Amino acid sequence: MAHRIVTVSNPSWLRKDLEQLSISREGTEVGRVPIEDLAVLVLESHGIALTQELVVALSKANVAVVFCDERHLPLSCVVPFEANALHAKVVREQAECSLPKKKQLWKQVVQAKIGGQAQTLRACLPHSREAKATAKYLDGLAANVKSGDSDNLEARAAAEYFPALFGQGFMRDRDLPGVNAALNYGYAIVRAMVARAIVGAGLHPALGLMHRGPGNPFNLADDAIEPLRPIVDQHVFAMVPDLREDGLLAKETRADLLKLTVLDLYIAGKLTGIEPALARYAASLREGICGEGRKLVIPHRRP
C-alpha cells in the first residue's frame, strides 16, 4: 500500500524513470522513490519543474500532488478523476443520492467534529476548568445535532472551542499568521489525504454532502475532513510556543506538521495508521451515499 509522503522544498527537476520518481538538482540526481510507494507529493518551491509523463504516472497511482504558494502554504491539490474500477457506477449513484440521506450523513459528520473538539480540549488542557466546562458544553451540542445541522451547531461549537483551546481573543482566520497559518497547512495536508481516499473508494470528490461550491473540485473532501480537523488542532496546540508570527512557517514547522500523515488513529475501536483509517472511512462514506449503510465509521485520536 502506498504510504510515503515526499516533500520537495528546493528548485528541482522531477521526472519518471523506471516507474520511479527521480528528483534532480543542477543535473545531479538527489533522490529516487518508487511511485507505487507514494501517497502524497508536496511541492513547496517555485523552482520545481516536472514532466507530463510523471504527472500521468502519479495520477494512475492515485498520488495526491499538493502545490504550495510563496509562503510554503498548500494552495491546491491534484488527484485523478478515478482510481477505482467501479468509478462510473459509484459516481452515478453518488449523483442520485437523496437530500434526506445527505442530511443524515452530515449530522454524523458534525456530531463527530464537535465530539472531537471536546476530546481535544480535554487532551490539551486537562487541568483547565474553562476547558472542561467548554468540553461539556460541546458534548451537549453534539448530542443535539439535527439532520443537516439545521440549528447550525457546528458554528456555535467553533465560537466556543477555538478561544478555549488557543486563548481568549483567538480568531480562526486563514489569512492570519502564527497558529492560523499552521492550521491551514495541517488541514491542507489532511485534506489531500482525504481526497485521495475518497477517489480510491470510487467517489467523486466534487459531489459533496453540504459543501456544494460549483468551482470547488473537493466538496466531498471538505465535508469528510470536518471530523478530522480537531486532530490537526491538537497537533498544532503542541507547537504554539515555536510558531512565528510573521506569517511564515519555518521548514522545521512544516516538517513537524507532515507528521500528521503518519499518525495512528482509532477507527471502529482499533488503532491503525491514518491511511488505512481514511480508506475505511471513505468506504463507509461510499456505502452511506450509494448503498444501504446508515452509520459512518469515522477515525478519531483517542479511544
Side-chain angles (χ1 to χ4, degrees), residues 1-9 14 21 33 37-45 48 58-59 61-80 83 113 116 120 172 174-200 205 211 216-240 242-244 247-265 267 272-279 281-282 298-301:
M1 176 181 289
H3 63 280
R4 296 186 65 177
I5 288 78
V6 171
T7 301
V8 183
S9 301
L14 277 56
L21 163 64
V33 183
D37 288 351
L38 282 172
V40 182
L41 175 64
V42 182
L43 306 180
E44 291 191 335
S45 172
I48 295 172
L58 293 171
S59 294
N62 193 23
V63 178
V65 184
V66 177
F67 295 89
C68 298
D69 63 16
E70 67 280 358
R71 297 178 297 167
H72 305 290
L73 295 177
L75 185 66
S76 64
C77 174
V78 175
V79 294
K113 178 181 182 179
T120 292
R172 174 67 187 126
R174 62 177 296 108
D175 294 323
L176 293 178
V179 170
N180 277 285
L183 291 174
N184 292 343
Y185 195 99
Y187 292 156
I189 293 299
V190 175
R191 181 182 187 241
M193 296 187 72
V194 170
R196 181 179 183 272
I198 284 171
V199 171
H211 287 85
N216 182 7
F218 298 110
N219 284 310
L220 186 57
D222 288 337
D223 290 324
I225 192 180
E226 295 297 348
L228 305 175
R229 290 182 186 272
I231 295 171
V232 178
D233 302 339
Q234 183 172 340
H235 193 83
V236 171
F237 178 85
M239 303 168 60
V240 169
D242 300 320
L243 293 177
R244 295 165 53 170
L248 300 176
L249 291 179
K251 184 175 181 180
E252 294 77 15
T253 301
R254 302 196 303 273
D256 196 346
L257 286 164
L258 284 173
K259 293 177 182 177
L260 288 163
T261 63
V262 294
L263 282 181
D264 287 334
L265 299 177
I267 186 165
T272 186
I274 187 171
E275 190 177 355
L278 292 180
Y281 177 27
I298 302 175
H300 49 95
R301 188 70 179 264

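All figures in this text were calculated on a predicted structure; none of them were measured in a lab.
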Hey, are the side chains of Val40 and Val42 touching, using non-hydrogen atoms and a 4.5 Å cut-off?
yes
Check: Val194 main-chain N/O paired with Tyr281 side-chain donor or acceptor under 3.5 Å:
no
Note, Val8 side chain near Ser45 side chain (heavy atom, < 4.5 Å):
no
Residues forming a side chain to side chain contact (heavy atoms under 4.5 Å, CB included) with Ala182, sequence neighbours excluded
Val236, Leu243, Leu249, Leu257
Main-chain N/O of Arg196 paired with Asn62 side-chain donor or acceptor, under 3.5 Å:
yes
Just wondering, do His300 and Leu265 contact through their side chains at under 4.5 Å, heavy atoms?
no
Using the side-chain hydrogen bond (donor to acceptor under 3.5 Å, both in side chains) definition, which of the options Asn216, Asn219, Asp223 pairs with His211?
Asp223
Validation row: Leu278, Leu228 side chains within 4.5 angstrom (heavy atoms):
yes
With side chains defined as the heavy atoms from C-beta onward, is the minimum distance between Ile231 and Ile274 less than 4.5 Å?
no
Test side-chain contact (heavy atoms from CB on, under 4.5 Å) on Phe67 and Ile48; report intermediate values, then the result.
CA-CA 10 Å; Phe67 295 89; Ile48 295 172; over 6 Å; no
Side chains of Arg174 and Asn180, donor plus acceptor under 3.5 Å
no
Side-chain touch Thr120/Arg301, heavy atoms, less than 4.5 angstrom
no
Validation row: Leu41, Val33 side chains within 4.5 angstrom (heavy atoms):
no
Would you find a donor on one side and an acceptor on the other, under 3.5 Å apart, between the side chain of His235 and the backbone of Asp256?
yes
Got a sec, which residues hit side chain to side chain contact (heavy atoms under 4.5 Å, CB included) with Asp69, two or more places apart in sequence or on another chain?
Arg71, Leu73, Leu75
